[in-house]
Amino acid sequence: QVQLVESGGGLVQAGGSLRLSCGASGRTFSDLTMGWFRQAPGKERGFVAAISWSGGSTYYADSVKGRFTISRDNAKNTVYLQMNSLKPEDTAVYYCAADRTRILSSRRAEYDYWGQGTQVTVSS
């Protein structure tokens, strides 16, 4: 089992920045591929970004490419999502997810463990 706890969400004006963190416990963190997903009201949970176990490979949704950066610190068992140039359409609950395989994926079904989510609200 893996426990994931997100933090760092909040209210920010359009054009601003936030950094989300996700702490993991219960399994060797460096064995896990990590991802971020988000779910806006009335919409399905969608892929945002993923990072390989080593941090050497990353993958982004087109909607956030160039604005968001995913990173990880295996010594701290933490994955981050730096979000810059935020837009109102980025408003959502953001979820951290962990995948036991070493396949970088945008598919929600590939991820085995999920956090509870953290709310990000971007005002116009």
Side-chain angles (χ1 to χ4, degrees):
Q1 284 292 331
V2 175
Q3 293 77 44
L4 302 172
V5 179
E6 302 97 336
S7 61
L11 173 65
V12 64
Q13 288 189 332
S17 298
L18 281 175
R19 188 175 82 154
L20 306 183
S21 300
C22 173
S25 61
R27 189 181 177 101
T28 302
F29 184 68
S30 59
D31 286 344
L32 301 169
T33 296
M34 300 299 296
W36 286 97
F37 290 75
R38 66 187 181 185
Q39 187 167 17
K43 295 188 177 181
E44 289 192 355
R45 193 173 300 185
F47 173 73
V48 175
I51 188 166
S52 64
W53 64 275
S54 67
S57 297
T58 56
Y59 181 27
Y60 295 94
D62 287 344
S63 59
V64 306
K65 204 172 293 183
R67 299 188 298 123
F68 291 11
T69 302
I70 188 170
S71 61
R72 67 191 294 162
D73 185 337
N74 285 348
K76 295 183 178 180
N77 291 354
T78 302
V79 62
Y80 305 96
L81 185 68
Q82 177 67 43
M83 305 185 294
N84 299 328
S85 302
L86 282 160
K87 305 175 181 180
E89 50 264 43
D90 295 317
T91 295
V93 178
Y94 282 71
Y95 296 91
C96 173
D99 177 3
R100 291 174 295 181
T101 71
R102 290 190 172 185
I103 300 171
L104 209 59
S105 175
S106 63
R107 294 182 66 241
R108 195 172 61 189
E110 294 289 339
Y111 290 81
D112 305 293
Y113 307 103
W114 293 84
Q116 293 299 307
T118 185
Q119 177 71 46
V120 172
T121 303
V122 184
S123 63
S124 57

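In what follows, residues are counted from 1 in the order of the sequence shown.
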(request) Begin from the C-alpha positions of Gln39 and Tyr95 and carry the test side chain to side chain contact (heavy atoms under 4.5 Å, CB included) through to its verdict. (result) CA-CA 8 Å; Gln39 187 167 17; Tyr95 296 91; 4.1 Å; yes
(request) Please determine if Arg72 forms a cation-pi arrangement with Phe29, meaning its NZ or CZ atom is less than 6.0 Å from the six-membered ring centre and no more than 45° off the ring axis. (result) yes
(request) Given ring pair (Phe, Tyr, Trp, His ring centres under 6.0 Å), test Phe68 with Trp36 step by step and report yes or no. (result) CA-CA 11 Å; Phe68 291 11; Trp36 286 97; 10.0 Å; no
(request) Check Ser124 against Ala14 and note the closest heavy-atom contact, atom names and distance. (result) CA-CB, 4.3 Å
(request) Flag yes if Val120 and Leu4 sit in one hydrophobic cluster, no otherwise; membership is Ile, Leu, Val, Met, Phe, Trp, Tyr, and two members link when side-chain heavy atoms are under 4.5 Å apart. (result) yes
(request) Using modelled atom types only, decide if a donor and an acceptor are shared between the side chain of Thr91 and the backbone of Val122 within a distance under 3.5 Å. (result) yes
(message) Using a strict threshold of under 4.0 Å (side-chain N to carboxylate O), is an ion pair present between Lys65 and Asp62?
(response) yes
(request) Nearest 0.5 Å please: distance from the CD atom of Gln116 over to the SG atom of Cys22. (result) 11.0 Å
(message) Can a donor-acceptor pair be found, under 3.5 Å and without considering hydrogens, that links the side chain of Tyr80 to the backbone of Asp73?
(response) no
(message) A side-chain contact here means heavy atoms from C-beta on lying under 4.5 Å apart; do Leu20 and Met83 qualify?
(response) yes
(request) Find out if a path of hydrophobic residues (ILVMFWY) with successive side-chain heavy-atom gaps under 4.5 Å connects Val12 to Val64. (result) yes
(request) Please say whether more than 12 non-hydrogen atoms of neighbouring residues, nucleotides or ligands are located less than 6.0 Å from OH in Tyr113. (result) yes
(request) For the pair Thr78 (side chain) and Lys76 (backbone), establish whether a donor and an acceptor sit closer than 3.5 Å, ignoring hydrogens and angles. (result) yes
(request) Over all heavy atoms of both residues, which pair between Ser71 and Ile51 is shortest? Give the atoms and the distance, please. (result) CA-CD1, 3.6 Å
(request) Can you measure from CZ (Arg67) to OG (Ser85) and round to the nearest 0.5 angstrom? (result) 7.0 Å
(message) Test your reading of the model: is there a side-chain donor-acceptor pair from Glu6 to the backbone of Thr118, 3.5 Å cut-off?
(response) no
(request) Evaluate side chain to side chain contact (heavy atoms under 4.5 Å, CB included) for Asp31 paired with Arg102, printing each intermediate quantity in order. (result) CA-CA 8 Å; Asp31 286 344; Arg102 290 190 172 185; 3.6 Å; yes
(request) Report the C-alpha separation of Gln1 and Ser25 in whole Å, then their side-chain angles, then the decisive distance to 0.1 Å, and conclude whether the side chain to side chain contact (heavy atoms under 4.5 Å, CB included) test is met. (result) CA-CA 8 Å; Gln1 284 292 331; Ser25 61; over 6 Å; no
(request) Treat each ILVMFWY residue as a node, draw an edge where side-chain heavy atoms are under 4.5 Å apart, and state whether Leu81 and Phe37 are in one component. (result) no
(message) Whether Arg107 engages the ring of Phe47 as a cation-pi pair (distance to the six-membered ring centre under 6.0 angstrom, angle to the ring normal within 45°) should be assessed.
(response) no
(request) Say whether, by atom type as modelled, one donor and one acceptor occur between the side chain of Tyr111 and the main chain of Cys96 under 3.5 angstrom. (result) no
(request) Quick one: pull up CG in Asn77 and CD in Gln3 and give me the separation to the nearest 0.5 Å. (result) 11.5 Å
(request) Using the side chain to side chain contact (heavy atoms under 4.5 Å, CB included) rule, take Arg100 and Leu32 through it: C-alpha gap first, then chi angles, then the decisive distance, then the call. (result) CA-CA 5 Å; Arg100 291 174 295 181; Leu32 301 169; 4.3 Å; yes
(request) Taking atom types as modelled, find out whether Ser17 and Asn84 have a side-chain donor-acceptor pair closer than 3.5 angstrom. (result) yes
(request) Work out which heavy atom in Val93 is nearest to a heavy atom in Gly117; give both atom names and the distance. (result) CG1-CA, 3.8 Å
(request) Report yes if the side chains of Tyr60 and Ile70 come closer than 4.5 Å at any heavy-atom pair, otherwise no. (result) yes
(message) If we ignore hydrogens and angles and just use 3.5 Å, is the side chain of Thr28 paired with the main-chain N or O of Ser30 as donor and acceptor?
(response) no
(message) Within the structure provided, determine whether Leu18 and Gln82 are in side-chain contact (heavy-atom separation under 4.5 Å).
(response) no
(message) Quick check against the 3.5 Å criterion: does Asn74 have a side-chain atom that pairs as donor or acceptor with the backbone of Trp53?
(response) yes
